[in-house]
Amino acid sequence: MKFFCKLKPSTKEVLQIRVIGDDVAGADMSVQGEEYCASVYGGEWKQTSETGAFRKNYAGTGWFYHADIDAFVAAQPYPSWVLNNTLGQWEAPNPPGPMPFDPENPVVYTWNEETQTWDAE
């Protein structure tokens with residue numbers, strides 16, 4: 001089974017995901033499955049990998065396809081966050097960088113966009 005995402009023409013937002021049999025979809029990353037979905041359901045379709053083996057992430061409804069890095073990426077969580085093109089994931093500005101983590105003292109942090117800091121809850 002292979003997974004295909006219907007894309008909104010103007011924004012490339014994932015509108016829906018369909019599962020298609022291997023006999024119809026063809027090999028991973030072939031256009032056969034995308035063309036099949038377009039002919040049956042209309043619109044533009046891109047294959048996503050359930051394991052993230054290609055296109056960096058398994059797409060979800062409301063995610064976006066970025067053709068420039070050939071990746072499915074979640075919606076930008078905060079205006080200040082930047083897209084890591086290698087991972088296809090949004091990251092907090094640096095500094096402060098990734099959310100703090102101390103296994104000896106687990107604390108829940110939330111991002112404060114106004115101060116651009118991680119705040120302990």
Side-chain angles (χ1 to χ4, degrees):
M1 304 303 257
K2 297 196 172 38
F3 301 85
F4 293 86
C5 304
K6 184 174 187 175
L7 305 178
K8 185 176 183 177
S10 58
T11 63
K12 304 302 180 198
E13 179 181 358
V14 176
L15 300 174
Q16 63 178 280
I17 300 172
R18 295 240 180 211
V19 180
I20 306 297
D22 292 339
D23 56 329
V24 175
D28 281 339
M29 298 292 289
S30 77
V31 296
Q32 181 178 333
E34 295 170 0
E35 290 173 347
Y36 170 80
C37 289
S39 70
V40 173
Y41 307 113
E44 180 183 0
W45 293 79
K46 288 288 179 191
Q47 186 179 3
T48 187
S49 168
E50 190 176 28
T51 64
F54 52 86
R55 297 205 166 114
K56 301 191 187 339
N57 301 293
Y58 177 65
T61 303
W63 284 46
F64 294 86
Y65 175 68
H66 290 247
D68 56 333
I69 60 172
D70 192 26
F72 286 103
V73 178
Q76 186 176 12
Y78 301 97
S80 66
W81 285 36
V82 293
L83 181 59
N84 178 320
N85 290 337
T86 302
L87 300 175
Q89 297 176 1
W90 295 101
E91 297 177 343
N94 196 12
M99 181 175 62
F101 176 72
D102 179 359
E104 302 294 319
N105 184 23
V107 175
V108 176
Y109 291 91
T110 57
W111 179 253
N112 184 325
E113 182 66 9
E114 187 175 309
T115 62
Q116 295 202 358
T117 57
W118 290 103
D119 293 345
E121 289 188 1

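FYI, the numbering just counts along the sequence from 1. The basis for the numbers below is simple: all heavy atoms, side chains too, and nothing from hydrogens, waters or symmetry mates.
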Within the side chain of Glu34, is there an N or O that forms a donor-acceptor pair under 3.5 Å with the backbone of Gln47?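 Such a contact is found between Glu34 side chain and Gln47 backbone.
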For Thr117 and Asp119, test the side chains for any donor-to-acceptor distance below 3.5 angstrom and give the result as yes or no. yes
Run the side-chain donor-acceptor check on residues 76-83: report pairs under 3.5 Å with partners two or more places apart or on a different chain.
{"unit_1": "Gln76", "atom_1": "NE2", "unit_2": "Tyr78", "atom_2": "O", "d": "3.2"}
{"unit_1": "Gln76", "atom_1": "NE2", "unit_2": "Pro79", "atom_2": "O", "d": "3.3"}
{"unit_1": "Gln76", "atom_1": "NE2", "unit_2": "Trp81", "atom_2": "O", "d": "2.7"}
{"unit_1": "Ser80", "atom_1": "OG", "unit_2": "Glu113", "atom_2": "OE1", "d": "2.8"}
{"unit_1": "Ser80", "atom_1": "OG", "unit_2": "Glu113", "atom_2": "OE2", "d": "3.2"}

Separation between CZ (Phe54) and OG1 (Thr51), nearest 0.5 Å, reads 7.5 Å
Can you tell me how far the CD atom of Glu35 sits from the OG atom of Ser30, to the nearest 0.5 Å?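 Rounded to the nearest 0.5 Å, the CD-OG separation comes out at 8.5 Å.
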Please enumerate all residues that pass salt bridge (charged side-chain N to carboxylate O under 4.0 Å, His left out) together with Glu50, with sequence neighbours excluded.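 So Glu50 forms no salt bridge (charged side-chain N to carboxylate O under 4.0 Å, His left out) with any residue.
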Give every donor-acceptor pair under 3.5 Å between a side-chain atom in residues 13-25 and any protein atom, sequence neighbours left out.
{"unit_1": "Gln16", "atom_1": "OE1", "unit_2": "Arg18", "atom_2": "NE", "d": "3.0"}
{"unit_1": "Gln16", "atom_1": "OE1", "unit_2": "Arg18", "atom_2": "NH2", "d": "3.4"}
{"unit_1": "Asp22", "atom_1": "OD1", "unit_2": "Met1", "atom_2": "N", "d": "3.1"}
{"unit_1": "Asp22", "atom_1": "OD1", "unit_2": "Lys2", "atom_2": "NZ", "d": "2.8"}
{"unit_1": "Asp22", "atom_1": "OD2", "unit_2": "Met1", "atom_2": "N", "d": "3.4"}

Qualifying ring pair (Phe, Tyr, Trp, His ring centres under 6.0 Å) pairs with a residue from residues 13-42, counting only residues at least two apart or across chains: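 For residues 13-42, and leaving out neighbouring residues, the ring pair (Phe, Tyr, Trp, His ring centres under 6.0 Å) pairs sorted by first residue read Tyr41-Trp45.
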Could you go step by step and tell me if Leu7 and Lys46 meet the side chain to side chain contact (heavy atoms under 4.5 Å, CB included) rule? CA-CA 8 Å; Leu7 305 178; Lys46 288 288 179 191; 3.6 Å; yes
What do the steps show when you test Arg55 against Thr48 for side chain to side chain contact (heavy atoms under 4.5 Å, CB included), and what is the final call? CA-CA 7 Å; Arg55 297 205 166 114; Thr48 187; 5.6 Å; no
Please name all residues satisfying side-chain contact (heavy atoms from CB on, under 4.5 Å) with Ala67, sequence neighbours left out, ordered by chain then number. Tyr65
Over all heavy atoms of both residues, which pair between Ala120 and Val107 is shortest? Give the atoms and the distance, please. CB-CG1, 3.7 Å
Under 3.5 Å donor-acceptor pairs involving side-chain atoms of residues 92-104, not counting sequence neighbours:
{"unit_1": "Asp102", "atom_1": "OD1", "unit_2": "Glu104", "atom_2": "N", "d": "3.0"}

Assigning hydrophobic clusters by single linkage (Ile, Leu, Val, Met, Phe, Trp, Tyr; side-chain heavy-atom cutoff under 4.5 Å), is Tyr109 placed with Trp111?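 As far as the 4.5 Å side-chain criterion goes, Trp111 and Tyr109 are connected within one cluster.
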Checking ring-ring contact (aromatic ring centres under 6.0 Å, His included) against Tyr58, which of Phe72, Trp63, Phe3 comes through? Phe3
